[in-house]
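Here the structure is laid out as structure tokens; the discussion comes afterwards.
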Amino acid sequence: GPAIPALVTEHAIMSRSFSLSLHRFGADVMAAVASRVADVTFQARRLKADANGVAAFLQVPDDDANARAVADRVAALPARFRKVLVLGIGGSALGAQAALDALKPLRPAGGREVRILANLDPVSIADAMAWFDPADTLLNPVTKSGTTVETLTQFALFADRIRAARGEAGLKEGVVVTTDPQKGALRRVARRLDCPSLEVPPRVGGRFSVLTPVGLFPIACAGHDVTAMRTGAREVIAAFTDGDAAAHPSVLAAAAQVEWMRRGAAVRVLWAYCDRFAAMGDWFSQLWGESLGKPKDDGAVGSQPVRAIGSTDQHSLLQLFMEGPRDKTLTFVTVGGPRPAMPVPDLSALDPDFAEFAHHDAAEVFDALRCGTMAGLVEAGRPVAHLHVPVLDEAAVGALFAHFEIETALAGYLLGIDPFDQPGVEAGKKFAHGLLGRPGMEAYGTAARRILGTEDAQ
Ligand code: PA5
């Protein structure tokens, strides 16, 4: 079979978005990846073939109809809506939050203030309630299934606020629903209210849905260029579907991660030297954790995603990474720009220790800390990959979404499990519905109380 062509891969087509280096992942591990290239390319072909079914995320950046629906909807928003409150959870919230945080410094002109309420913690809801004003805030409930307890409960609370302030007409004008085209409570609400709605393509799984209207609408409301984001994603996906899979960074990354998992890696660290990447780490954690943590034969597969932020976590998690169990891979993420120039003033007259930093840019000091930590980990024999993003703009964010989605889905195929299902999260939902008294599900509530006993059950 064909050999893995390079361990440092910088696709011409992708070079403006990011580069990935697996140099420090261990020569023997990469040799094992090279020896498995036939299986890797076979699984990559299976994944591509599934683009018409379970792997529909590969077609999302080409979905012009839904992108146009988003653009039309944003253009038609009444001018009074200067703010947008998104309600959602899991795959219906994390991707949009990741993009909004990553792109925050771009501050596009005319962008609306977009806030995402991604939990049912009453204190967080009260905080959002205080911010929410039906006169200037659009409500965007997002749920693919249209049945999620948290999102429906949030919607009841905020829709009631709108109705109290502006009546049914306020709901019709002040709500944009994002949900399944046919099914679920939110679709029925959209029909009943005759309010605007956007569609989540039924074949695209929640955690792979950020580039559908689920993420595109909030990101576009904030004024970001979602066309560039889709283009960035499309380039990465086209290089996978139309190019040499064995030369694709996402394929190599998946193969290398799986090889490490076979050798006992139980933890996958994504360590970004970029504060505004924290939510991207949360999005990735869901993608990696929920897609790969599955039963297999008599055991289980998966690795624990951990998101770290540098240099902050050098003062927290680094000791564990450096000298703790040898069960981790680490992917460093660095970002070039945009960033302000920030030369460090010379305070050496005050104290000579400041001379070391004087006249370096703050970014140089920051990067020296990252390099020092990487060098230490490499010297300690820990597997380190490095993903560099020259410019963190919309195209790069789209490219990163596509990269991590391909890497995760292909890792699932290489591990021999279905990366697109999540049967393990269903059991708890049944118990919760039972406890809440859903007709026909009372037995689950009784069972939950019996299992938990009086100490833990409500
Ligand atoms: O990835 C997934 O499928 C889940 O995390 C869902 O996104 C999450 O449960 C929310 O589901 P829904 O969009 O149906 O409300």
Side-chain angles (χ1 to χ4, degrees), residues 53-58 60 66 70 85-99 116-121 124-125 139-159 175-190 197-219 279-294 302 305 307 401-402 404-409 411-412 417-433 436 438:
V54 286
F57 79 90
L58 291 168
V60 163
N66 272 318
V70 166
L85 179 65
V86 179
L87 310 176
I89 199 160
S92 287
L94 289 164
Q97 190 69 69
I116 301 178
L117 186 61
N119 203 1
L120 202 54
D121 181 334
S124 308
I125 295 176
L139 191 64
N140 175 219
V142 184
T143 166
K144 174 177 152 65
S145 62
T147 61
T148 300
V149 170
E150 291 90 336
T151 312
L152 296 187
T153 306
Q154 290 172 336
F155 180 70
L157 291 164
F158 284 92
V175 176
V176 173
V177 167
T178 307
T179 192
D180 184 273
Q182 305 291 340
K183 296 191 308 246
L186 254 285
R187 177 52 61 192
R188 293 193 291 276
V189 165
S197 68
L198 296 162
E199 297 183 355
V200 189
R203 285 187 294 123
V204 179
R207 55 189 174 275
F208 291 86
S209 70
V210 56
L211 296 172
T212 73
V214 167
L216 292 183
F217 182 69
I219 299 165
M280 185 69 84
D282 290 337
W283 170 83
F284 173 75
S285 293
Q286 184 210 16
L287 185 69
W288 189 259
E290 205 169 50
S291 299
L292 302 183
K294 301 282 162 71
R307 73 120 155 109
F401 283 142
F404 286 124
E405 287 177 354
I406 296 171
E407 179 185 355
T408 304
I417 51 94
D418 178 357
F420 302 114
D421 67 359
Q422 56 281 329
V425 304
E426 296 307 322
K429 286 187 193 169
K430 288 182 189 155
F431 288 134
H433 283 304
L436 289 168
R438 176 181 284 198

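When a ligand or atom number is given, it counts from 1 through the structure's own listing order.
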Ignoring angles and geometry beyond distance, decide whether [X] reaches within less than 3.5 Å of ligand 1 through its nitrogen or oxygen atoms.
X      : value
Ser92  : yes
Val142 : no
Thr151 : no

Atom 7 (O) of ligand 1 protein-contacted (non-hydrogen atom, under 4.0 angstrom):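 So far as the 4.0 Å threshold goes, atom 7 (O) of ligand 1 is in reach of a protein heavy atom.
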
query: Can a non-hydrogen atom of Glu150 be found less than 4.0 Å from any atom of ligand 1?
result: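 The answer is no, since Glu150 has no heavy atom less than 4.0 Å from ligand 1.
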
task: Any chance you could measure Ile125, atom CD1, to Thr153, atom OG1, to the nearest 0.5 Å?
output: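 Answer rounded to 0.5 Å: 8.0 Å.
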
query: When rounded to the nearest 0.5 angstrom, what distance separates OG in Ser124 from CD in Gln154?
result: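 Taking OG in Ser124 and CD in Gln154, the distance rounds to 9.5 Å.
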
Against heavy atoms of [X], which atoms of ligand 1 measure under 4.0 Å?
X      : answer
Gln286 : 1 (O), 2 (C), 4 (C), 5 (O)
Gly91  : 5 (O), 6 (C), 7 (O)
Thr143 : 12 (P), 13 (O), 14 (O), 15 (O)

Pairs under 3.5 angstrom only: tabulate donor-acceptor contacts from the side chains of residues 198-207 to other protein residues two or more places apart or in another chain.
unit_1, atom_1, unit_2, atom_2, d
Arg203, NH1, Asn52, O, 2.6
Arg207, NE, Ser291, OG, 2.8
Arg207, NH1, Glu290, OE1, 3.1
Arg207, NH1, Gln422, OE1, 2.6
Arg207, NH2, Pro419, O, 2.8
Arg207, NH2, Asp421, O, 2.9
Arg207, NH2, Gln422, OE1, 3.4

Identity and separation of the nearest protein heavy atom to [atom]:
atom                    : answer
atom 12 (P) of ligand 1 : Thr148 OG1, 3.2 Å
atom 9 (O) of ligand 1  : Lys429 NZ, 4.6 Å
atom 2 (C) of ligand 1  : Glu290 OE1, 3.4 Å
atom 14 (O) of ligand 1 : Ser145 OG, 2.6 Å
atom 10 (C) of ligand 1 : Ile89 O, 3.3 Å

field: Pair Arg307 + Asp282: basic N to acidic O under 4.0 Å
entry: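 Judged by the 4.0 Å cut-off on N to carboxylate O distance, Arg307 and Asp282 do form a salt bridge.
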
message: So which atom in Ala96 and which in Gly215 form the shortest heavy-atom distance, rounded to 0.1 Å?
response: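 Heavy atoms of Ala96 and Gly215 come nearest at CB-CA, 4.2 Å.
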
query: Side chains of Asp180 and Ser145: is there a donor and an acceptor less than 3.5 Å apart?
result: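 Checked: Asp180/Ser145 side chains show no N/O donor-acceptor pair below 3.5 Å.
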
task: Mark yes or no for whether Thr143, through its side chain, and Thr151, through its backbone, hold a donor-acceptor pair below 3.5 Å.
output: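 Side chain of Thr143 to backbone of Thr151, a donor-acceptor pair under 3.5 Å: no, none is there.
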
- request: Fit a plane to each ring of Phe401 and Trp283, take the angle between them on a 0 to 90° scale, and name the class: parallel (under 30°), tilted (30 to 60°) or perpendicular (over 60°).
  value: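 Perpendicular, since the angle between the ring planes exceeds 60°.
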
query: What about the rings of Trp288 and Phe404, do their centers lie closer together than 6.0 Å?
result: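 No.
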
